[in-house]
Amino acid sequence: MPGLILLLPFAAALVIALLGGSRRQSAWIAGLAALAGLAGLVSLTPAVMSGQTPTIDYPWLPQVGIGFVLRVDGLAWMFAMMVLAIGALVVLYAAYYLSPRDSASRFFAYLMLFMGAMLGLVLSGDILLMVLFWEVTSIASFLLIGFWTQRRDARQGARMALTVTGLGGMALLGGAIMLGQVVGSYRLEDILAAGDLVRASRWYPAILILILLGAFTKSAQFPFHFWLPQAMAAPTPVSAYLHSATMVKAGVFLLVRLYPVLSGTELYTVTVSIVGATTLLIGAWIAIFQHDLKGLLAYSTISHLGLITLLLGLSTPLAVVAALFHILNHATFKASLFMAAGIIDHETGTRDMR
């Protein structure tokens, strides 16, 4: 079932791209793929809630100890549910939002590619496989942000997002390789059980900084926050899905996923807390002075991501619970707000609140 859930959006992207059909047809294929994946995930819920971890493991590069491993534990279940449920709603919204002049098949193919990449990221049971899907999300977001290729701001926003998150992905790759070498395995279950070994290693500071660079660039944390407002040139369904509910949550997902391994040191607490608090305040302050509805929501998103990062930096069990709750909370209300802003823009021709 984990493999089927992952395969559905990629298969839908391929079918939509090959058929090149109408907006209605493309939306139906994309929506059915998201709903089918959601149904598959719901079928795994009793097992996950009882403490089991449904897993599939295919040999990929056995000579270097890398496998194609997918696992659905509680954290992966929560994020996959968010990706699929909000994705299905965004598909419905986009079916009515897109102009007849827009290429619906191209848009929905890109959207399904991104959905599959996000599912791969959260379901990965091998840290290098996670990095692979991490980079696919950056590529898919580049295609979606620059969807309106005739607009200069869309092209610039797409390039900036790809540059910042791509460089962060390279740092993450370095940190993941070092982490796997210290633990002696790239499997996530082995890494999560080796927290004491990692924190005692002389390579711990380098591993932590590299992984944090990946997380901070993806989740638009200070000083890398500037790319997210530039990405608002994307169509509103993209903003609602990528820049509030899913892609920008990949960074905080990484922090939560590796929390048992990296947290518990003064370096972690000070670095993550300071960056989170700074991002929280800067995002909130700049948001006050925005006249563009999507600009306001973009800086508000940055501020909320800073709050989640700050909570994770506090390194207490209750703070982590609060961070996880706010990840779901923020994804729900911010995706709704972006879609409401898109309706206003669609009907009035402006996003200027004045």
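Residue numbers count from 1 along this sequence.
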Q: Over all heavy atoms of both residues, which pair between Tyr268 and Gly313 is shortest? Give the atoms and the distance, please.
A: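 That would be CE2-CA, 4.3 Å.
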
Q: Check Pro229 against Tyr299 and note the closest heavy-atom contact, atom names and distance.
A: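 Closest pair (atom of Pro229, atom of Tyr299, distance): CG-CZ, 3.4 Å.
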
Q: Please find the pair of heavy atoms, one from Ile29 and one from Val15, that lie closest to each other, and give the distance.
A: CD1-CG1, 4.0 Å

Q: Do Trp148 and Asp153 have a side chain donor and acceptor closer than 3.5 Å?
A: no

Q: Under a 3.5 Å distance rule, please check whether Ser26 uses its side chain to pair with a backbone N or O of Arg23 as donor and acceptor.
A: no

Q: Would you compute the distance between atom CG of Asn329 and atom NZ of Lys334 and round it to the nearest 0.5 angstrom?
A: 10.0 Å

Q: Are Leu192 and Leu312 grouped together when hydrophobic residues (ILVMFWY) are joined by side-chain heavy atoms under 4.5 angstrom apart?
A: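 Yes; tracing contacts between hydrophobic side chains, which count when under 4.5 Å, links both residues.
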
Q: Do Thr246 side-chain atoms and Tyr241 backbone N/O form a donor-acceptor pair below 3.5 Å?
A: yes

Q: Assess, by modelled atom type and distance only, whether the side chains of Thr265 and Tyr204 contain a donor and an acceptor separated by less than 3.5 Å.
A: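 Indeed, the side chains of Thr265 and Tyr204 share at least one donor-acceptor pair under 3.5 Å.
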
Q: Which value, rounded to the nearest 0.5 Å, describes the distance between Ser239 atom OG and Leu337 atom CG?
A: 12.5 Å

Q: Carefully, step by step, assess Met82 and Phe253 under the rule side chain to side chain contact (heavy atoms under 4.5 Å, CB included).
A: CA-CA 12 Å; Met82 189 169 68; Phe253 168 80; over 6 Å; no

Q: With the side chain counted from C-beta on, respond yes when Ile327 and Ile308 share a heavy-atom pair under 4.5 Å apart, and no when they do not.
A: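 Sidechains of Ile308 and Ile327: in contact.
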
Q: Can you name the closest pair of heavy atoms from Phe133 and Leu121 and give their distance?
A: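 Reported closest heavy-atom pair: CB-N, 3.6 Å.
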
Q: Could you tell me whether Phe289 atom CZ has more than 12 heavy atoms of other residues or ligands within 6.0 Å of it?
A: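 Atom CZ in Phe289 is crowded, with more than 12 foreign heavy atoms closer than 6.0 Å.
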
Q: For the pair Asp126 (side chain) and Leu128 (backbone), establish whether a donor and an acceptor sit closer than 3.5 Å, ignoring hydrogens and angles.
A: yes

Q: Among Thr278, Ile282, Thr301, whose side-chain contact (heavy atoms from CB on, under 4.5 Å) with His225 holds?
A: Ile282

Q: Roughly how far, to the nearest 0.5 Å, is the CE atom of Met78 from the CG atom of Leu324?
A: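 Separation between the atoms: 5.0 Å.
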
Q: Heavy-atom count around Ile288 CD1 within 6.0 Å, excluding the residue itself: above 12?
A: yes

Q: Without swapping roles, check the side chain of Ser303 against the backbone of Ser300 for a donor-acceptor pair under 3.5 Å.
A: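 It does not hold such a pair.
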
Q: Are the side chain of Arg106 and the backbone of Ala17 linked by a donor-acceptor contact shorter than 3.5 Å?
A: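 No: the side chain of Arg106 does not pair with the backbone of Ala17.
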
Q: Between Thr279 and Phe216, does a side chain to side chain contact (heavy atoms under 4.5 Å, CB included) hold up when you go through it step by step?
A: CA-CA 10 Å; Thr279 307; Phe216 291 163; over 6 Å; no

Q: What about Ile302 and Leu296, same hydrophobic cluster or not, with Ile/Leu/Val/Met/Phe/Trp/Tyr joined at side-chain heavy-atom distances under 4.5 Å?
A: no

Q: Look only at the side chain of Arg155 and the backbone of Gly146, and say whether a donor-acceptor pair between them is shorter than 3.5 Å.
A: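 Not confirmed, Arg155 side chain does not pair with Gly146 backbone.
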
Q: Are more than 12 heavy atoms, taken from residues, nucleotides or ligands other than Met178, located less than 6.0 Å from that residue's CE atom?
A: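 Buried by this count: over 12 neighbours within 6.0 Å.
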
Q: Apply the test side chain to side chain contact (heavy atoms under 4.5 Å, CB included) to residues Ile211 and Leu255: give CA-CA distance (whole Å), side-chain angles for both, the deciding distance (0.1 Å), then the verdict.
A: CA-CA 9 Å; Ile211 290 176; Leu255 292 179; 5.7 Å; no

Q: Side chain of Thr55, backbone of Thr53: donor and acceptor closer than 3.5 Å?
A: yes

Q: When hydrophobic residues are tied together by side-chain contacts of less than 4.5 Å, even through go-betweens, does Phe68 share a cluster with Ile127?
A: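 Result: yes, single cluster for both.
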
Q: Heavy-atom count around Phe325 CZ within 6.0 Å, excluding the residue itself: above 12?
A: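 Count not over threshold, so no.
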
Q: Any side-chain heavy atom of Ile177 sitting closer than 4.5 Å to one from Tyr186?
A: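 Side chain of Ile177 against side chain of Tyr186, heavy atoms only: contact under 4.5 Å found.
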
Q: Shared ILVMFWY cluster between Val69 and Leu4, side chains joined below 4.5 angstrom?
A: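 Different clusters: Val69 never reaches Leu4 through Ile, Leu, Val, Met, Phe, Trp or Tyr contacts under 4.5 Å.
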
Q: Specify whether Tyr97 and Tyr93 have parallel, tilted or perpendicular ring planes, treating 30° as the upper limit for parallel and 60° as the lower limit for perpendicular.
A: parallel

Q: Is there a donor-acceptor pair closer than 3.5 Å between any side-chain N or O of Thr269 and the backbone N or O of Glu266?
A: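 No; zero donor-acceptor contacts below 3.5 Å.
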
Q: Can you confirm whether Phe79 sits close enough to Val256 that some side-chain heavy atom of one is under 4.5 Å from a side-chain heavy atom of the other?
A: no

Q: Taking all non-hydrogen atoms of both residues, which atom of Ser219 and which atom of Gly251 are closest, and how far apart?
A: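 Shortest heavy-atom separation between Ser219 and Gly251 comes out as OG-CA, 3.1 Å.
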
Q: Is Trp227 reaching over with its side chain to a backbone N or O of Thr217, donor-acceptor style, under 3.5 angstrom?
A: yes

Q: Hydrophobic clustering (ILVMFWY, side-chain heavy atoms < 4.5 Å, transitive) - are Ile145 and Val136 grouped together?
A: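 Not linked; separate clusters.
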
Q: What's the spacing between Leu213 CG and Leu208 CG if we round to 0.5 Å?
A: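 Going from the CG atom of Leu213 to the CG atom of Leu208 covers 9.5 Å.
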
Q: Is any side-chain heavy atom of Thr165 closer than 4.5 Å to one of Phe142?
A: no

Q: Do Leu254 and Leu172 touch side chain to side chain, with heavy atoms closer than 4.5 Å?
A: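 In short, these two side chains touch, coming nearer than 4.5 Å.
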
Q: If you count heavy atoms of other groups shown closer than 6.0 angstrom to OH of Tyr96, is the number above 12?
A: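 Atom OH in Tyr96 is not packed in, count stays at 12 or less.
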
Q: Report the distance from atom CD of Gln25 to atom CZ of Phe108, rounding to the nearest 0.5 Å.
A: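 Gln25 atom CD to Phe108 atom CZ measures 11.5 Å (nearest 0.5 Å).
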
Q: Are Met112 and Leu14 packed together at the side-chain level, in the sense that at least one heavy-atom pair is separated by less than 4.5 angstrom?
A: no

Q: Roughly how far, to the nearest 0.5 Å, is the OG atom of Ser124 from the CG atom of Leu119?
A: 10.0 Å

Q: Just by modelled atom types, is the Ala234 backbone N or O under 3.5 Å from a matching donor or acceptor in the Lys294 side chain?
A: yes

Q: Between Val238 and Tyr110, is any pair of side-chain heavy atoms under 4.5 Å apart?
A: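 Sidechains of Tyr110 and Val238: no contact.
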
Q: Within the 4.5 Å heavy-atom criterion, are Leu111 and Met115 side-chain neighbours or not?
A: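 Contact flag for Leu111/Met115 side chains = no.
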
Q: Can you check side chain to side chain contact (heavy atoms under 4.5 Å, CB included) on Met118 and Lys249, steps first, answer last?
A: CA-CA 10 Å; Met118 272 303 302; Lys249 294 296 195 304; 5.7 Å; no

Q: If you compare all heavy atoms of Met160 against all heavy atoms of Gln230, which two are closest, and at what distance to 0.1 Å?
A: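 Looking at all heavy atoms of both residues, the closest pair is SD-CG, 3.4 Å.
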
